[in-house]
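Quick notes on the structure that follows.
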Amino acid sequence: MPKNKKPAGGRPAQNFDPRYAKKRAGGPFRGNDSRSDRPAFERPARDGERPRYDRTERPRFERDARPARDGERRSFDRPQRDDRPRFGDRTDRPRFDRDARPARDGERRSVDRPARDGERRSFDRPARDGERRSFDRPQREDRPRFGDRAERPRFDRADRPARDGERRSFDRPAREGERRSFDRADRPARDGERPRYDRAERPRFDRADRPARDGERPRFDRADRAERPRFDRADRPARDGERPRFDRADRPQREERPRFGDRADRPARDGERPRFDRADRPARDDRPQREERPARSFNNDGERKWAERREERPVRTKAHEDRIDVVHERLEAQAVQADEVSDVTFGDLGFGDNIVRALAGLGAEKPFPIQASTAPSILEGRDVLARGRTGSGKTIAFGAPLVERILRSKAGVKREFGRAPVALIMAPTRELALQIDRTVQTIARSVGLFTTQIYGGVPQARQVGALKKGVDIVIGTPGRIGDLAKQGKLDLSKIVVSVLDEADHMCELGFLEPVQEILRQTADGGQKLLFSATLDREVAALVDEFLVDPQVYEVAGETQETGTIEHRVLVVEHREKAGILDTLVDREGKTLVFTRTRAYAEMLAEQFEEAGIDAISLHGDLNQQKRTRNIERFSKGRARVLVATDVAARGIHVDDVDLVIQADAPDEYKTYLHRAGRTGRAGNAGRVVTLIPRQRRRRMTEMLERAEIEAPFDDVRAGDDILDELTGGMTLADLTA
DNA sequence: CCCACAA
C-alpha cells in the first residue's frame, strides 16, 4: 500500500501514535546515571523518593491520546481535508493573504491593475511583523507573477536552457558503456533481439513492381494519360455583355505598377490633403532636441509610460516602422461589379432548396456581391482568395458553398459513426469561431451535415466526444485543433476543404506556424479558401505552399470612402482622457471601446462602472466562460458598453454597435479597419472616434492614409460641446450631410 | 512591447 494511502476505517489521529503511548507507559524516569554533578532530577531516585517527572519529556495531556469516551465527538474522526489546515494550526500557517494565492475563476484583483489616483492599497504600507507578502521581493522580469500560472505556458524542463551547473543527462554524449534507454541503435543487439527497424533502409513498396492481382484495376499513371486541353475562355467568342478577359501579359510589369497605398503617383483628389513628404519636413537638427523638451513625470500608470516612450522615440528606424505597420502589396484581384450580380439568387448560384431556406432563415434572402462572385469558383472546387469589406457577408460567402460542395461529394454515402471530418474552418479567436459555427451549423444542419467547435479554454472531453461520434465540418482555433490532431483525437487526413477566415491575420507571427502544421495534415490537393477584409501579400506564405492557381476576388468600389462609417480623431491631454471617455460612453446606443492592453480594458470597465455606466470587459485574461457571457451580455444589450482588446477587433458581429471608441490608437492600419468595422455593418451607419495624444498626430495621419480613410482631427478638452455631438446616434443622413 | 492562439 502506498504510504499516503489512508487505511480503511478512517485515518489515525495525527498526534496519536500507539507506539509512542506504549513507550510512555514504561514511565518517564530517566534512568541510571549516578554522576553526582548531575542535578537532582537526573540521579537515581533515592529510597522512597518519588521519581521526578521531566516536564519536557512527559507526555502532554492529549485528549486525542485516550480512547474516546462514550458519545464524545472528536475532530479526528472525520477524514481530514487536504486543502485546509487543521483547526489549531493557525499560528503555524502563514497569514492568509488573498494576494498570495492564485486568482480564482473570474476573480478581479486590485493588484492586477495599476493603482488609481489617490487610491490607498494595503500593500502601500510596510509589512507588519512576520507578515508574508508576495510582492515584497523585487519582481523578476523573466518570471510571471505568482497567480499568473494559468496564463503561462506549461513548464518544461527540457525547453529551458540548463541552469548554472545543472546536470542534464540529455545534454552530454553518452559515456562509454553507458546504456541509455532511448538509443538502442548505439548498443549492440542483445541476445535474440530483433535488429532495429530502419525505415530509410527498407525498399519502398511499389505496386508497380508486382503483378496486378485478380480484378485489380491497373494503376493510374498521370504520365500515361492523354493531355487534356485546358479550358480557356480566350478560345471562344465573348458572350453577351461579358467583360474582356484579364490578360496578365497585357498588364504592366510589377515594378511599373503603382504600389498599393502609394498616393504620390496619382493627382490629388478633390479636397484631399496633400501627401506628407518626408523630404519636405525640416531637418532633424532644427527640431527641439530631446534634452530641451520638458521632463516627463512618471506615475505608476505603465500604460502611459510605454506609450510615451514610443511616441517620443526621436528616431524610428525602418525596422521599427515595419514592425508597427507593415504594408503589404495588395493582391491582384478580379473586381466584380456589384450590379453585375444584383439580380442573382442563391438558387441561381446552384444551392439546393434546403440551403436556400436556411439562408433565408439567417436573414440572407439574396446574395451579397462577395457571395455571388465567389460561389461559382468555390463550387467548382477551385482555390479562392477573397477580400470583402467588414460586414459584407464573408461568412456566408464561404459557408454556404462549402456545405453545398460537401453535400454533393457525399451524395449517396451513408453517414457513418466515427467518420473523419472533411471540411475545416479556422479563425483567430474563439469568439469568432463560435460565431462562424452559429452560421455554418445552421446551413449544414439543413442538409443533415454536422459541425463541431474545436477551441481552447474549455475541457476537451466534449469536443473529443463529438469527434468520436463523427462530424463533417470542424470549426475552431489553431491551438486546440493542432493539439487534438497531435494527440490523435482529430483526424485531419480526410479534410478536402479548408477555410481560413481573417487569413492575413492567420499569417502573422505566432499564428502562421501552427496553421501551416495543420494544413499540412489535411488531404493532398484539398481545396483552400482564404478570406479577409484586409487580404494582402502577407498571405503569400500560405498561398505559395498550399494554393494552386487561386482565383482572387474583391467587390469593385468597396472603398472606405463609400462606406457607412464616419471617422473622427480627438487630440486629448492625457490627464483629461479618463473624463472624456466617461462622457463619450455615457449614451443610449451600444458602444464598443478598444484598448491596447488587457489591463487597461479591465481598468476602463471598472472606471465606467464606478461612473454608473453598465460596462463589461472582453480580453484574454478572462476565462472562457466569462468571455462568452460578457459578449453575450453586450450582444443582448444588457450592458451598453463593452471594453475590449483586439480579441474583438476582427470578425465579431454585434448588432447595432453605432459607436466605436479607440481609447488607444492602433499600431496598424489593418487593425484600425477591423476595429472600425465592428460598426457600420450591413449598410448601417456608424461612427469611429479615436483618442490620441498630441505627439501621435503624425503617425495617426500616416496610418489613416494607408487605410484610405478621411478623418478630421479635433483638439478636445473635457466638457467640450463636440463630445455631446459625438455621443448622439448616427444615421445614414448624418453621413451625407 | 502588445494582442491573439494549447494544457
Side-chain angles (χ1 to χ4, degrees), chain A residues 102 141-142 144 148-156 159 301-313 316-317 319-326 425-435 453-461 463-464 475-490 500-519 532 593-603 617-624 627 631 643-652 662-668 670-672 674-675 699:
Chain A
E141 301 273 46
D142 56 344
D148 285 350
R149 186 152 191 335
E151 279 79 48
R152 75 185 149 91
R154 255 202 90 186
F155 176 74
D156 187 339
D159 282 350
D301 183 350
E303 245 341 272
R304 182 179 176 193
K305 267 192 273 182
W306 167 245
E308 285 192 353
R309 216 179 311 145
R310 191 166 51 195
E311 301 298 348
E312 298 190 3
R313 198 192 306 265
R316 257 186 291 143
T317 63
H320 184 75
E321 196 99 32
D322 285 349
R323 201 162 54 242
I324 287 180
D325 192 356
V326 185
I425 303 173
M426 283 193 282
T429 64
R430 298 165 191 168
E431 284 73 17
L432 184 51
L434 261 165
Q435 180 184 295
Q453 310 152 354
I454 305 287
Y455 59 84
V458 295
Q460 294 183 2
Q463 299 174 355
V464 174
I475 300 167
T477 48
R480 179 62 65 87
I481 290 172
D483 192 7
L484 292 189
K486 205 167 161 187
Q487 293 179 44
K489 291 169 180 167
L490 169 57
L500 285 185
D501 199 9
E502 308 297 343
D504 58 318
H505 189 45
M506 302 288 258
C507 288
E508 281 171 18
L509 198 75
F511 267 133
L512 179 61
E513 258 189 71
V515 168
Q516 285 172 325
E517 293 280 308
I518 290 166
L519 290 181
S532 179
V593 182
F594 282 105
T595 66
R596 199 178 57 85
T597 67
R598 300 183 272 207
Y600 189 38
E602 196 56 40
M603 186 176 144
S617 63
L618 182 67
H619 53 77
D621 267 349
L622 301 177
N623 62 44
Q624 194 51 41
R627 278 169 66 161
I631 197 159
V643 190
T645 59
D646 283 329
V647 70
R650 284 178 177 251
I652 302 300
Q662 310 198 66
D664 296 316
D667 284 333
E668 258 197 285
K670 284 201 223 172
T671 308
Y672 186 105
H674 286 284
R675 285 173 168 190
R699 252 179 76 195

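Both backbone and side-chain heavy atoms feed into the values below; hydrogens, waters and symmetry mates do not. So you know, we letter chains A, B, ... as the sequences are listed, proteins then strands, and number each from 1.
The pair A:Arg699-A:Asp667 counts as a salt bridge, with a side-chain nitrogen and a carboxylate oxygen less than 4.0 angstrom apart.
Residue-level contact check: A:Gly456 touches the backbone only, with heavy atoms under 4.0 Å from sugar-phosphate atoms and none from bases. A:Pro478 comes within contact range of no nucleotide atom at all, as no heavy-atom separation falls under 4.0 Å. Residue A:His619 is classed as a sugar-phosphate contact, given heavy-atom separations below 4.0 Å to backbone atoms only. At a threshold of 4.0 angstrom between heavy atoms, the contacts of A:Gly457 are confined to the sugar-phosphate backbone, with no base atom among them.
Checking B:dA4, B:dA6, B:dC2 against every side-chain atom of A:Arg430, the shortest atom distance belongs to B:dA6. Among the nucleotides B:dC3, B:dC1, B:dA6, the one closest to the side chain of A:Thr477 is B:dA6. You'll find that the side chain of A:Arg596 is closest to B:dC1, out of B:dA6, B:dC5, B:dC1.
Residues A:Thr429 and A:Arg650 are not in side-chain contact: their nearest non-hydrogen atoms beyond the backbone lie 4.5 Å or more apart. Side chains of A:Leu618 and A:Glu431 form a contact here, defined as non-hydrogen atoms less than 4.5 Å apart.
A:Ala601 and A:Thr645 make their closest contact through CB-CG2, 4.2 Å (heavy atoms, listed as atom of the first residue, atom of the second, distance).
When rounded to the nearest whole Å, the span between CD of A:Glu668 and P of B:dC2 equals 17 Å. Nucleotide B:dA4 holds its P atom 12 Å from the CD1 atom of A:Ile631, rounded to whole Å. Between the CD1 atom of A:Ile518 and the P atom of B:dC5 there is a distance of 13 Å, given to the nearest Å. One interatomic measurement links the two molecules: CG of A:Leu512 to P of B:dA4, which rounds to 20 Å at whole-angstrom precision. Atom NZ of A:Lys489 and atom C1' of B:dA6 are 12 Å apart (whole Å). The interatomic distance linking A:Glu517 (CD) with B:dC5 (C1') rounds to 14 Å, in whole Å. Taking atom CZ of A:Phe511 as the reference point, atom P of B:dA6 lies 8 Å away to the nearest angstrom. Between the CZ atom of A:Arg650 and the C1' atom of B:dC3 there is a distance of 11 Å, rounded to whole Å.
A sub-4.0 Å separation between OP1 or OP2 of B:dA4 and a side-chain N or O of A:Thr645 is present.
The distance from the CG atom of A:Asp646 to the OG1 atom of A:Thr595 is 8.0 Å, given to the nearest 0.5 Å.
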